[in-house]
Amino acid sequence: MSRLRAFIFLPVFCGAIVAQAQDQDTIPADTVRKTVVYLERADVQSFNRNINDQRQVLNGNVVFRHDSSYMYCDSAYFYENDVSLEAFGLVRLEQGDTLFVYGDYLFYDGNIELAKMRHNVRMVNIQQDSSVVTLYTDSLDYNRQTDIGYYFEGGRIIDAENELVSVYGQYSPGTKIAVFNDSVRLTNPNFTLYSDTLNYSTETKVATILGPSVIESDSGVIHTSRGWYNTQDNTSLLLDRSEVVSGNKLLVGDSLVYDRGAGIGRAFGNMSIVDTVQKTILTGNIGYYEENTEYAFATDSACAVEYSQGDSLFLHADTLELITVDSTSRFMRAFMGVRFYRTDIQGVCDSMRFSTKDSVLYMYGNPVLWNEEQQLFGDTIIIYMSDSAVDYVHVPTSAFIVQMIDTGYYNQLGGNDLKAYFNGKKIERIEIDGNAESIFYPLEQDSTMIGLNYTQSSYMSILMKDNKIEKMKIWPNPTGKMIPIPDLTPEVKTLKKFAWYEALRPTDRYDIFRSTKESPPASSASHNPEDPLSN
């Protein structure tokens with residue numbers, strides 16, 4: 001009989017049990033709890049003092065309420081004094097008409113408003129646009145005070161655009177912000193993002209990248225460690241030396257603005273665009289690249305390295321462009337303040353073009369070209385290359401070539417049209433067509449100058465050996481004179497167009513960035529008919 005007295009069985013009839021919801025006006029002020037969990041209903045309520053005199057056992061259609069949240073389950077343990085409960089079987093927590101959490105087991109602490117849902121957990125959040133965000137995990141803690149649910153043994157969040165998985169994650173239904181850590185993967189129909197740390201807005205569909213990340217798609221790969229990616233319109237801002245790999249192109253910069261949908265990348269700060277097939281590198285502080293046309297440009301301390309010819313060409317200008325013609329060829333354009341360096345040739349000009357299809361380099365606007373001891377200039381200079389070496393240089397108008405023999409003494413050749421043919425890295429033969437004019441200083445065996453030899457004719461051909469004139473042919477009807485060294489005056493020592501611009505000459509790959517005040521002679525030609533790209 002005593003055993004029966006210890007066990008109280010209370011069948012529930014006609015709806016909810018509300019004994020816990022006493023009128024607070026009848027309770028002394030010092031005993032009023034700050035928070036109360038109400039038992040709204042249950043089919044059966046019981047407790048056993050011998051087992052636990054604080055635990056109520058509830059079965060059948062159990063409903064609890066705490067503030068505006070409702071908790072439903074098949075059965076439960078209710079610890080009224082501790083303001084807590086355990087719920088079992090088809091557990092559901094509802095908060096308003098936008099948040100629903102499902103699971104097999106729930107422990108709820110009303111003092112700190114913490115719900116711990118376990119096994120087959122699903123959190124469903126209905127957003128303002130009626131779209132649904134669902135979180136799946138096996139263990140979820142939901143803090144009603146901070147409005148944050150977090151998992152720590154693996155989980156995934158799915159919305160209309162993306163699926164995100166990670167070892168640790170949290171989601172706030174109020175702010176619509178999810179936080180992911182450890183082995184993060186965002187899967188989109190168009191790409192997959194792998195990360196160490198990632199924030200994601202289920203409202204804007206923007207992923208904020210906070211750790212080392214890789215974004216893979218059919219169009220290429222992105223490597224970054226900080227920035228954001230809009231998964232709806234495929235635009236992004238990538239920081240901290242991020243890089244975009246698209247086919248054989250690599251775009252790198254301190255910061256990148258990348259539109260994957262349009263295939264356009266903009267780079268800022270110490271940027272580079274690398275073409276591994278065409279063997280070209282563009283660098284600068286501002287860069288631009290189009291994936292569809294494979295067009296690229298660089299400006300602000302811009303530099304290009306063209307290494308397809310074996311002997312690399314280092315080029316600096318205010319603005320540089322790379323334009324792809326087809327799968328095997330493209331051309332480079334440089335504008336304003338062009339300076340370039342190769343071990344065999346160096347040059348300066350206002351603008352330049354280089355075509356990989358025929359390996360021809362065009363120099364426009366006050367061009368000056370150096371080869372060892374030779375200096376060439378004219379209205380336009382065209383450099384033809386073959387098998388990585390210079391084949392010949394063509395100066396089609398106002399051509400002039402200078403070689404310094406000694407301080408104040410220069411060999412000089414001028415004419416309408418000049419071609420200088422190379423053997424290896426040196427000029428071997430020079431041919432002048434039209435109004436050929438020359439000054440050179442014959443040398444004794446001991447390299448002593450004999451005098452000044454001046455010639456004038458229509459055509460001239462010169463053979464060079466070791467940067468010295470070995471043989472000269474002048475025709476037809478040449479005229480000339482020899483002036484002894486003692487009889488030379490400053491007026492006769494130079495031809496009319498003579499100029500010496502050694503101070504402008506780039507001395508190495510780094511010297512291309514040097515600014516010089518001296519300018520080459522003004523050009524009278526702005527277009528060369530031999531260049532099909534100059535129109």
(message) Just by distance, no angles: are the side chains of Glu291 and Tyr258 close enough, under 3.5 Å, to form a donor-acceptor pair?
(response) yes
(message) Whether the Thr235 and Asp233 side chains hold a donor-acceptor pair (N or O, under 3.5 Å, no angle test) is what I'd like checked.
(response) yes
(request) Output yes when Glu294 and Lys249 qualify as a salt bridge under the 4.0 Å nitrogen-oxygen rule, no when they do not. (result) yes
(request) May I ask you to check whether over 12 heavy atoms, not counting those of Lys176, lie within 6.0 Å of atom NZ? (result) yes
(message) Looking only at the side chains, is there a donor atom on one of Tyr79 and Glu86 sitting less than 3.5 Å from an acceptor on the other?
(response) yes
(message) Is it true that His223 and Ser242 share a donor-acceptor pair across their side chains at a distance under 3.5 Å?
(response) no
(message) Can a side-chain donor-acceptor contact be found between Gln45 and Gln56 if the only test is distance below 3.5 angstrom?
(response) yes
(message) For Asp275 and Asn248, which I'm curious about, is there any donor-acceptor pair between the side chains at under 3.5 Å?
(response) yes
(message) Ring centres under 6.0 Å, that's the criterion: do Phe297 and Tyr289 meet it?
(response) no
(message) With no hydrogens and no angle check, just 3.5 Å: does a side-chain donor-acceptor pair link Tyr108 and Arg144?
(response) yes
(request) Verify whether one side chain among Arg156 and Thr137 offers a donor that lies under 3.5 Å from an acceptor in the other. (result) no
(request) Indicate whether the side chain of Tyr171 and that of Thr202 have a donor and an acceptor atom separated by less than 3.5 Å. (result) yes
(request) Kindly confirm or rule out a cation-pi arrangement of Arg92 over Tyr102, judged by NZ or CZ under 6.0 Å from the six-membered ring centre and within 45° of its axis? (result) no
(request) Starting from the C-alpha separation in whole Å, work towards a yes-or-no answer on side chain to side chain contact (heavy atoms under 4.5 Å, CB included) for Thr187 and Asn162. (result) CA-CA 6 Å; Thr187 303; Asn162 307 290; over 6 Å; no
(request) Please confirm whether the backbone N or O of Gly261 pairs with a side-chain atom of Asn234, one donor and one acceptor, at under 3.5 Å? (result) no
(request) Look at the aromatic rings of Phe152 and Tyr150 and report parallel, tilted or perpendicular, splitting at 30° and 60°. (result) tilted
(message) Holding to salt bridge (Lys or Arg N to Asp or Glu O under 4.0 Å), I want the full list of residues that pass it with Asp254, two or more places apart in sequence or in another chain.
(response) Arg241
(message) Distance alone, cut at 3.5 Å: any donor-acceptor contact between the side chains of Tyr200 and Asp159?
(response) yes
(message) Whether Arg266 engages the ring of Tyr288 as a cation-pi pair (distance to the six-membered ring centre under 6.0 angstrom, angle to the ring normal within 45°) should be assessed.
(response) no
(request) Salt-bridge test for Asp43 and Arg41: reply yes if a basic N is under 4.0 Å from a carboxylate O, no otherwise. (result) yes
(request) Determine, using ring centers only, whether His316 and Phe513 are less than 6.0 Å apart. (result) yes
(message) Ring-plane angle category for Phe191 and Tyr229, please: parallel below 30°, perpendicular beyond 60°, tilted otherwise.
(response) tilted
(message) Does atom CG (Asp97) have a neighbourhood of more than 12 heavy atoms from anything else shown, all under 6.0 Å?
(response) no
